[in-house]
2 protein chains.
Amino acid sequence: MDPGTTPDYDPQAFPPFAVTVDIVVMTIIEDELRVLLIRRAVPPFRDSWALPGGFVRPDEDLSTAAVRELAEETSINQEPDHLEQFGTYGHPDRDPRMRVVSVGYWAIIPDLPTPKGGSDAAYAELVPVAELEGGRIRLAFDHDRIVTDAIALARSSLENTTIATRFCPPEFTISDLRRVYEAVWDSKLDPGNFQRKVKQTSEFLQPLNQTTRSGDKGGRPAALWVKGPAEKLSPPLSRPDSN
Amino acid sequence: MDPGTTPDYDPQAFPPFAVTVDIVVMTIIEDELRVLLIRRAVPPFRDSWALPGGFVRPDEDLSTAAVRELAEETSINQEPDHLEQFGTYGHPDRDPRMRVVSVGYWAIIPDLPTPKGGSDAAYAELVPVAELEGGRIRLAFDHDRIVTDAIALARSSLENTTIATRFCPPEFTISDLRRVYEAVWDSKLDPGNFQRKVKQTSEFLQPLNQTTRSGDKGGRPAALWVKGPAEKLSPPLSRPDSN
DNA sequence: CCAAAAGTGTTTCCTTTACACCCATGC
DNA sequence: GCATGGGTGTAAAGGAAACACTTTTGG
């Protein structure tokens with residue numbers, strides 16, 4: 001609990017804790033789920049990949065710190081639609097220099113139709129999660145575990161919430177939404193069944209009555225939709241193989 | 001992230017953070033879900049109800065601190081079967097004295113057939129959640145919110161995991177398990193359908209082949225079961241009304 | 001015309017739900 | 001016998017999975 005019931009311990013008498021936030025930013029590019037990583041410029045773990053994040057300031061809420069750090073360390077100029085705390089990591093040895101407790105947040109940046117060409121993306125890069133899950137990239141500190149936890153939560157959130165819409169631009173087609181599920185879950189879904197499923201889930205999607213969009217190489221134009229007011233999905237949209 | 005990429009900020013130059021754990025211990029007594037609360041002995045919020053918890057020590061893991069504080073502040077002499085982190089609370093004003101970031105854990109203590117008569121339970125008491133949800137009891141600090149979050153997570157965990165067995169003694173009947181669901185969800189379930197449901201979910205329960213138990217006032221003796229190896233429930237056990 | 005993507009129909013299967021009914025005990 | 005709670009049967013309703021088929025575009 002909070003100070004006051006264990007007077008036998010004085011926190012001021014010990015080295016202080018530092019509190020940080022680590023942010024797992026996800027997006028989908030080329031039908032691949034990716035996370036935003038930076039290259040560390042200073043030791044420890046210099047030149048290693050790591051999550052963006054940083055110190056919480058003395059008068060700052062945790063989520064405020066996450067938003068601020070995300071803006072500071074990222075060249076992405078749009079605010080995330082979704083920013084959610086998912087876990088806190090405080091093993092005594094997780095940082096070799098001092099005692100650091102870090103609060104993990106995950107965020108979604110919608111897929112931009114034009115992925116920004118790497119200008120000075122030497123510092124921040126959107127890495128496919130397949131690279132991480134294949135063990136081909138190792139992260140600094142305990143960030144491997146943090147990213148693993150965030151991805152697991154994201155996958156399960158797609159089953160039970162309407163959050164997949166946050167990966168899409170404001171107006172999107174049902175196939176766009178299906179490709180989000182396919183990218184995050186790394187599996188194929190039946191287009192017909194998916195269509196019915198999301199349409200019959202009330203408040204999930206709202207029609208725009210614009211039957212807009214002409215395919216680039218054929219195909220029937222798709223209807224456009226916007227996110228509806230629902231946040232939870234019941235019954236859930238079950239993921240294949242997850243039994 | 002961790003220190004090292006934002007050299008413009010020196011955490012040592014600011015007042016330190018204190019890091020605490022708060023623990024929401026749940027149990028079921030008289031078919032009611034209850035949480036363990038203590039009365040604060042010192043200001044602030046003196047004589048208010050609050051969650052057990054306390055400071056994380058310099059070389060201690062967060063979960064270790066939760067286990068230790070639970071043992072220290074609680075007259076309960078058995079270790080919880082389940083202890084899980086669910087959220088971290090760090091609003092700058094949540095403690096009027098200093099900056100405290102608190103990591104919330106929730107734990108389950110199995111229902112004991114003989115609820116311990118209140119000996120010196122003036123300090124720790126198992127309060128029905130109905131008292132809290134009815135607004136009749138207010139807690140110190142932001143502990144109302146912390147308890148609310150923990151209860152919401154517990155309710156949803158019963159849908160998707162086998163954790164309800166942790167509320168039961170090692171050997172239990174299917175009706176015992178059903179009463180756990182009914183207490184946590186505060187709703188009635190069909191006994192027959194519940195029976196089939198949990199039995200056909202592979203690895204949820206393992207039979208003891210003891211058709212033991214004789215009712216106290218009639219009724220057919222029930223079969224005894226122990227928890228199986230499964231942790232996740234798929235398909236989930238859906239809660240009524242939750243649509 | 002053909003290819004491609006959107007969207008609908010249809011059948012089969014499985015799960016859930018409601019509720020009747022049987023089983024085994026105490027009194 | 002009757003009450004009580006444990007446990008099974010069963011039929012109707014609803015959702016999911018597989019897949020054929022229609023619609024609307026570009027070439």
Side-chain angles (χ1 to χ4, degrees), chain A residues 31 113 158-160 168 171-183 185 187-202 204-225 232-243, chain B residues 31 113 158-160 168 171-183 185 187-202 204-225 232-243:
Chain A
D31 291 333
L158 257 59
E159 294 188 79
N160 303 300
C168 299
E171 306 182 355
F172 54 90
T173 69
I174 290 184
S175 291
D176 289 338
L177 188 62
R178 176 172 46 82
R179 276 185 281 270
V180 168
Y181 276 89
E182 292 179 336
W185 286 349
S187 58
K188 289 291 173 199
L189 301 179
D190 182 279
N193 291 335
F194 184 84
Q195 181 118 193
R196 248 191 315 264
K197 175 82 189 197
V198 299
K199 276 196 229 172
Q200 82 189 25
T201 301
S202 171
F204 189 1
L205 302 182
Q206 284 177 342
L208 268 184
N209 295 327
Q210 285 177 262
T211 78
T212 321
R213 194 203 77 100
S214 47
D216 53 350
K217 51 181 184 298
R220 172 175 169 177
L224 280 175
W225 305 76
K232 308 227 163 145
L233 228 47
S234 58
L237 218 157
S238 60
R239 163 165 43 159
D241 302 339
S242 74
N243 304 351
Chain B
D31 291 335
L158 256 60
E159 295 188 80
N160 303 302
C168 299
E171 305 181 356
F172 54 90
T173 69
I174 290 184
S175 291
D176 289 338
L177 188 63
R178 176 170 47 81
R179 277 185 280 269
V180 168
Y181 276 89
E182 292 179 334
W185 286 350
S187 58
K188 290 290 172 198
L189 301 179
D190 182 280
N193 292 334
F194 184 84
Q195 181 117 194
R196 247 190 316 263
K197 175 82 190 198
V198 299
K199 275 197 231 172
Q200 79 188 25
T201 301
S202 169
F204 190 1
L205 301 182
Q206 284 176 342
L208 268 185
N209 295 327
Q210 283 177 263
T211 78
T212 320
R213 194 203 76 101
S214 48
D216 53 350
K217 49 183 185 299
R220 171 174 169 177
L224 280 175
W225 306 76
K232 308 228 164 147
L233 227 48
S234 59
L237 218 158
S238 61
R239 164 164 43 158
D241 302 339
S242 73
N243 304 352

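Quick note on labels: first sequence line is chain A, next is B, and so on, each numbered from 1.
The distance from atom CZ of A/R220 to atom C1' of C/dA6 is 5 Å, rounded to the nearest whole Å. With rounding to whole Å, A/L208 atom CG is found 17 Å from C/dA6 atom P. At whole-Å resolution of the value, CD in B/Q195 and P in C/dA24 are 14 Å apart. Summarising the geometry, the separation between CD1 on B/I174 and P on C/dA24 is reported as 16 Å, rounded to the nearest angstrom. We find that CZ of A/R239 is positioned 14 Å from P of D/dA17, with the value rounded to whole Å. Look at CG on A/D176: it is 12 Å from C1' on C/dA5, rounded to the nearest Å. With rounding to whole Å, B/F194 atom CZ is found 17 Å from D/dG5 atom P. When the P atom of D/dG6 is taken as reference, atom CG of B/L224 falls 12 Å away, rounded to whole Å.
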Where protein sits on nucleotides 15-20 of chain C, one letter per nucleotide: B base, S sugar-phosphate only, - none, heavy atoms under 4.0 Å: -SBBB-
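Scanning all heavy atoms of the two residues, the minimum distance from A/D31 to A/A183 falls at O-CB, 3.5 Å. Nearest heavy atom pair, residue A/P221 against residue A/T211, reads CB-O, 3.7 Å.
The shortest distance between the side-chain N/O atoms of B/S175 and the OP1/OP2 oxygens of D/dG5 is not below 4.0 Å. Contact between the side-chain N/O atoms of B/R178 and the OP1/OP2 oxygens of D/dG5 is not found at any separation under 4.0 Å. Remark: B/K199 is in phosphate contact with D/dT8, judged by side-chain N or O atoms under 4.0 Å from OP1 or OP2.
Scored by the side chain to side chain contact (heavy atoms under 4.5 Å, CB included) test, A/T173 finds A/S175, A/D176, A/R213, A/A222, A/L224 as partners (sequence neighbours excluded). Every side chain to side chain contact (heavy atoms under 4.5 Å, CB included) that B/P207 has, sequence neighbours left out, goes to B/N209, B/W225. Take B/Q195 and apply the side chain to side chain contact (heavy atoms under 4.5 Å, CB included) test, not counting sequence neighbours, and it matches B/I174, B/K199. Partners of B/Q210 by side chain to side chain donor-acceptor pair (under 3.5 Å), not counting sequence neighbours, listed by chain and number: B/T212.
At a threshold of 4.5 Å between non-hydrogen side-chain atoms, the residues B/R239 and B/Y181 do not count as touching. In this structure, A/L205 and A/L177 have side chains that are in contact, with non-hydrogen atoms separated by less than 4.5 Å.
When the local axes at the two ends of the helix from C/dC1-D/dG27 to C/dC27-D/dG1 are compared, using 5 base pairs at each end, they differ in direction by 10° after rounding to 10°.
Atom CG in B/L158 sits 12.5 Å away from atom OG in B/S238 (nearest 0.5 Å).
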